[in-house]
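What follows is one structure encoded as structure tokens, with my remarks underneath.
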Amino acid sequence: MAKYKSKYVCQECGYESPKWMGKCPGCAKWNTMVEELEERAKPGDAARRGVSTAASHLAPITAIVGEDEPRLTTNISELNRVLGGGVVPGSLVLVGGDPGIGKSTLLLQASQELASNNNKVLYISGEESTKQIKLRAERLGASSPNLYVLAETDLFLLEQQILQFMPAVVILDSIQTVFHPDVTSAPGSVAQVRECTAHLMRLAKTKDIAILIVGHVTKQGAIAGPRLLEHMVDSVLYFEGERHNTYRILRAVKNRFGSTNEIGIFEMAEAGLKEVINPSEMFLSERSLGVAGSTVVASMEGTRPVLVELQALVTPTGFATPRRMATGVDHNRIAMIMAVLEKRVGLLLQNQDAYVNVAGGVRLDEPAIDLAVAVSLASSFRDKQTHPYDVVIGEVGLTGEVRGVSRIEQRVKEAQKLGFKRVIIPAKNVTGWEHPKGIKVVGVQTVSEALREALGG
């Protein structure tokens, strides 16, 4: 008879305890400890675990022969960009996002593109039947004979099908529906998600099969299950956006085979997701010209410059402590820039509520947007409109100076391509490169100087 022991596992962070507790010591969440039964390991169990691994041998790194294995391209340039050039054989990729955001749609479209390049693709669903997948595939135009569909949730049955079929790519939707027969907890629990992901990781590495898995997210927007899940996989992609908005942003927060700064932008249409080739034009399509508090900034998202609109609203507060709210930018950065404006420029902002928003739903993290934030705040506070065809770029220091930024030439060329007439940049970045024709480059050394240029005094 198998022997079991009881333990309590936090469903948020994976903390384990021999007894129940109301508050988890690991993540400080209440009522997240759930009892699970753990089977004690017996001698010889390791030999029956399914995927067998060959013994590893010690070798100096100079004697190891590197293999430059080509990636599997999906023909979806935005997805290839985020992955670093395509799907790496033998990799394990986790895709997360809110319900209904388009994760299954994106992966089914990627399956069709991979299958059309003569790659055997196995699409496994634990949430839909094969007939339901067929209906969605007809709407998306996925009809390649190299695309196979399977509806199953038993991990060992999935493994048998994969080993018999030996596809180049496996897509699993979703990891929370799959269960390991040897684990007694319910599907979707911490133990099940952890064991199933570890099993799939061994399968991907030993058989050189690329596996893409879908992960559900919690109410806070994090991928459900323990944080260990994100450490186990090779890449973590987040699919962001509002369900009622047509645009979606695919962002890599972890990538062992590429950059984590790249984003892919898609538009949800009736026939599936369409790539947005020019995101700058999309972000600026609804911009109002000649209004106070609106400034355009050129931000680098990986290797691609993106022009977005920064909006600010400064209004007298009705509370003892003024509100500082930011969407798409760091809240602490906004507080710092407002302190610089008050101390170095003389704007009395201590009794003003401030709201800063990045139009289009994109998030900007680099310091090159500081000067544009300062111009937007000052424009709204003074109720002076900015020049509609200006682009503002620069990092702001605590002494009020404007510091240089990287890749200024790419940013200015993107602004010139979209028809902007003038760009305000740090004085350090003015020299050392050839200015494009049709756009005026203005260098500034301080925030006060930038405000005089942008607001006319």
Side-chain angles (χ1 to χ4, degrees), residues 77-78 81-82 241 245-251 261-267 269 274-312 327-329 356-376 379 384-395 402 404-426 429-430 432-444 450 453-456:
S77 59
E78 295 295 299
R81 176 194 297 274
V82 177
N245 194 354
T246 58
Y247 295 108
R248 305 286 190 268
I249 297 176
L250 183 65
R251 186 186 305 273
N261 297 321
E262 301 285 359
I263 64 170
I265 303 174
F266 299 87
E267 181 182 4
K274 294 183 179 180
E275 300 177 72
V276 177
I277 305 301
N278 193 338
S280 299
E281 188 175 358
M282 181 267 291
F283 286 134
L284 300 177
S285 60
E286 300 180 23
R287 183 171 70 102
S288 300
L289 301 180
V291 296
S294 174
T295 307
V296 177
V297 61
S299 176
M300 293 299 300
E301 292 292 343
T303 59
R304 176 171 58 184
V306 177
L307 267 62
V308 295
E309 180 190 7
L310 275 170
Q311 298 175 337
T327 303
V329 290
V356 179
N357 176 53
V358 180
V362 68
R363 179 165 184 83
L364 305 178
D365 295 320
E366 64 167 346
I369 68 170
D370 290 352
L371 191 58
V373 173
V375 170
S376 295
S379 171
K384 282 189 175 182
Q385 68 181 41
T386 56
H387 296 290
Y389 296 102
D390 279 0
V391 175
V392 182
I393 309 166
E395 178 184 354
V402 178
V405 299
S406 61
R407 299 183 180 179
I408 191 65
E409 187 174 359
Q410 292 176 265
R411 301 174 196 257
V412 174
K413 285 183 177 179
E414 181 72 10
Q416 184 264 343
K417 184 173 67 174
L418 291 179
F420 286 88
K421 305 301 182 184
R422 189 175 66 157
V423 58
I424 301 174
I425 65 174
N429 293 124
V430 173
W433 56 283
E434 184 179 354
H435 299 179
K437 296 180 180 179
I439 187 169
K440 182 181 179 181
V441 178
V442 178
V444 294
E453 289 288 344
L455 303 179

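A donor-acceptor pair is defined here as one N or O able to donate and one able to accept, closer than 3.5 Å; such a pair exists between the side chain of Glu262 and the backbone of Thr303. Side-chain N or O atoms of Thr327 include none that pairs as donor or acceptor with a backbone N or O of Asn357 at under 3.5 Å. His387 places no side-chain N or O within 3.5 Å of a backbone atom of Gly456 that could act as its donor or acceptor partner. At least one donor-acceptor pair under 3.5 Å links the side chain of Ser379 to the backbone N or O of Lys384. No side-chain donor-acceptor contact under 3.5 Å links Glu453 to the backbone of Ile424. Here the side chain of Asp390 pairs no donor or acceptor atom with the backbone of Ala454 at under 3.5 angstrom.
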Q | Verdict with reasoning, Val442 to Arg422, per side-chain contact (heavy atoms from CB on, under 4.5 Å) | A | CA-CA 7 Å; Val442 178; Arg422 189 175 66 157; 3.7 Å; yes
Q: Please step through salt bridge (charged side-chain N to carboxylate O under 4.0 Å, His left out) for the pair Glu78 and Arg304, ending with a clear verdict.
A: CA-CA 11 Å; Glu78 295 295 299; Arg304 176 171 58 184; 3.2 Å; yes
Q.
Does Leu289 form a side-chain contact (heavy atoms from CB on, under 4.5 Å) with Gln385? I'd like the steps, not just the answer.
A. CA-CA 9 Å; Leu289 301 180; Gln385 68 181 41; over 6 Å; no
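For Gly290 against Pro388, the heavy-atom pair with the smallest separation is N-CB, 4.2 Å. Looking at every heavy atom in both residues, Ala415 comes nearest to Ile439 through CB-CD1, 4.0 Å. The nearest pair of heavy atoms linking Val308 to Leu284 is C-CD2, 3.9 Å. Residue Ala298 comes nearest to Glu366 through the heavy atom pair O-OE2, 4.2 Å, listed as atom of the first residue, atom of the second, then distance. Nearest heavy atom pair, residue Lys274 against residue Ala269, reads CE-CB, 3.9 Å. In terms of heavy atoms, Gly394 sits closest to Pro426 at CA-CG, 3.8 Å.
Considering CD of Glu434 and CD of Glu409, their distance stands at 8.0 Å, rounded to 0.5 Å. If you take CD on Glu301 and CD1 on Ile263, they are separated by 4.0 Å, rounding to the nearest 0.5 Å. To the nearest 0.5 Å, atom CE of residue Met282 and atom CG of residue Leu307 are 12.5 Å apart. Arg363 CZ to Ser299 OG: the interatomic distance, rounded to the nearest 0.5 Å, is 11.5 Å. Taking CG of Leu418 as the reference point, atom CD of Gln416 lies at 9.0 Å (rounded to 0.5 Å). The distance from the OG1 atom of Thr295 to the CD1 atom of Ile369 is 11.5 Å, given to the nearest 0.5 Å.
By the 4.5 Å heavy-atom criterion applied to side chains, Leu250 and Arg81 are not counted as neighbours. Between Met300 and Ser406, the closest side-chain pair of non-hydrogen atoms is not below 4.5 Å. Between Leu455 and Thr386, some side-chain heavy-atom pair lies under the 4.5 Å cut-off. Within the 4.5 Å cutoff, no side-chain heavy atoms of Val356 are placed close to those of Ser376. Side chains of Val392 and Leu310 form no contact here, defined as non-hydrogen atoms less than 4.5 Å apart. Residues Ser294 and Arg287 form a side-chain contact, since some pair of their non-hydrogen atoms from C-beta on lies under 4.5 Å apart.
With a 6.0 Å radius and a threshold of 12 heavy atoms from other residues, nucleotides or ligands, Glu281 has its CD atom at or below the threshold.
Arg411 and Glu414 are not joined by a salt bridge, as no carboxylate oxygen comes within less than 4.0 angstrom of a charged side-chain nitrogen.
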